[in-house]
Protein chains: 2
Amino acid sequence: MPKSAGRTLPDVDKQLSFALYGAANRLVRMHKPFLDALGLTFPQYLVMLELLGSGPRSVGELGTKLGMDTGTITPLVKRLEQGGFVSRRRDAKDERRVLVDLTSSGEAMRERIRVVPDRIKTACQIPDDRADELRDVLNGIGRSDDD
Amino acid sequence: MPKSAGRTLPDVDKQLSFALYGAANRLVRMHKPFLDALGLTFPQYLVMLELLGSGPRSVGELGTKLGMDTGTITPLVKRLEQGGFVSRRRDAKDERRVLVDLTSSGEAMRERIRVVPDRIKTACQIPDDRADELRDVLNGIGRSDDD
DNA sequence: CGCTTATATCTAGTACACTAGATATATTTC
DNA sequence: GAAATATATCTAGTGTACTAGATATAAGCG
């Protein structure tokens, strides 16, 4: 067996980075049946949550909030637009910006979207206080002490 | 209790799923400078860790271990092969299987790969015991009580 | 032996997520 | 007010990650 001279490599599934990467993938998979029923992908669902919670947002603001590049957000939002869930228009105040807003069809999803987090929480079987604690730890990972 | 007027959508960044998704993305970004120097992407790095730690593996075994589909693993491994890090050959014992093994060039990366987890741990600033605890919680997420 | 079923891998098509570079509008400076 | 700079978005290209369907080998059965 290639156990190499003295130093062994830490087993891949002993590593936090692997655990985190896998958990995120599994979490997206868990969402899929619920989101398929709504015609949304996971990142699209995050954008919808933000719009439902905070109102119209520019492409750049969505990227900042969700920690994604505009090169990711633009095609994602275009698919939401094609699905009829959001509208895109130039900001009259600053024509460089594109404002993304819910259509009536998107707004109408509010109640159906709202139940998704609860279903996931149930499936995860993690108590609320434990989940909050975990969330805070995760939110601290990989941030360069600003934002 | 007012029926729906009072119920607001939970803020997107109060949610575990969002925190987990974002943390995984940030973690991959943290790895990038180290892995770029080795000519690896993050999932390719996970495959290399597994091969360095456990020896030759079939495509299917890699997929099971890493929680990924063969439709993901196959092109990924082909890129590793193109990079000269691994070889692929049919298993003589069962010609349905494709065995992935390290080349000498791949084996030679052992020491350079081994230091990556430490650098990340330092950058994350999470104490070891805390990281182990977090890892165990993450490993429990989204598994259907088998595997 | 030929037929069926199971297993393992591969191919094709959609959707992220990133980087780098192009385009378009705003703002500043002279 | 025209040129230079800054900001916001978009486009193109690479690499995951998924699903569904195709191919190829293996194993079981009449």
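Numbers restart at 1 for each chain; the letters A, B, ... are given by sequence-line order, proteins then strands. All values below come from the heavy atoms of this structure, side chains included, with hydrogens, waters and symmetry mates left out.
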Per the salt bridge (Lys or Arg N to Asp or Glu O under 4.0 Å) rule, what does the pair list look like for residues 30-39 of chain A, sequence neighbours excluded?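 For residues 30-39 of chain A: A:K32-A:D36.
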Within residues 71-85 of chain B or reaching into it, pairs that qualify as salt bridge (Lys or Arg N to Asp or Glu O under 4.0 Å) - sequence neighbours excluded: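 Output for this query lists B:E81-B:R88.
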What pairs with [X] under side chain to side chain contact (heavy atoms under 4.5 Å, CB included), at least two apart in sequence or on another chain?
X      : result
B:T70  : B:V59
A:T64  : none
B:P127 : B:D129, B:R130

If every non-hydrogen atom of A:F42 is compared with every non-hydrogen atom of A:L35, which pair is closest and at what distance?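 In terms of heavy atoms, the two residues are closest at CA-CD1, 3.6 Å.
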Could you list the residues that satisfy side-chain hydrogen bond (donor to acceptor under 3.5 Å, both in side chains) with B:N25, not counting sequence neighbours?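 With sequence neighbours excluded, B:N25 shows a side-chain hydrogen bond (donor to acceptor under 3.5 Å, both in side chains) to no residue whatsoever.
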Are any of A:K78's side-chain N or O atoms less than 4.0 Å away from OP1 or OP2 of D:dT11?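 Affirmative; the distance criterion is met.
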[X]: salt bridge (Lys or Arg N to Asp or Glu O under 4.0 Å) partners, not counting sequence neighbours:
X     : answer
B:D91 : B:R97
B:D11 : none
A:R96 : A:D94

Which residues within residues 84-100 of chain B lie with some heavy atom under 4.0 Å of an atom in DNA chain C?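 Output list: B:R88, B:R96, B:R97, B:V98.
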For DNA chain C, which residues of residues 52-63 of chain A approach it to below 4.0 angstrom with any heavy atom?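 Of all residues in residues 52-63 of chain A, none places a heavy atom under 4.0 Å from DNA chain C.
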Which residue lies more 5' along DNA chain D, comparing A:G71 with A:N25 via nearest heavy atoms: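 The residue mapped nearer the 5' terminus is A:G71.
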Dump every N/O contact between nucleotides 14-16 of chain D and the protein below 3.5 Å, one line per pair.
residue	atom	partner	partner atom	Å
D:dT16	OP1	B:T41	OG1	2.3
D:dT16	OP2	B:Q44	NE2	2.6
D:dT16	OP2	B:R79	NH1	3.1
D:dT16	O5'	B:R79	NH1	3.4
D:dT16	O3'	A:Y21	OH	3.0

Name the closest nucleotide to the B:T74 side chain, picking from D:dT19, C:dC18, C:dC10.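 It is C:dC10.
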What is the separation between atom CE on A:M48 and atom P on C:dC16, rounded to the nearest whole Å?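 From A:M48 CE to C:dC16 P: 13 Å.
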Given atom CG of B:D36 and atom C1' of C:dT19, what is their separation to the nearest angstrom?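 Value for this atom pair: 10 Å.
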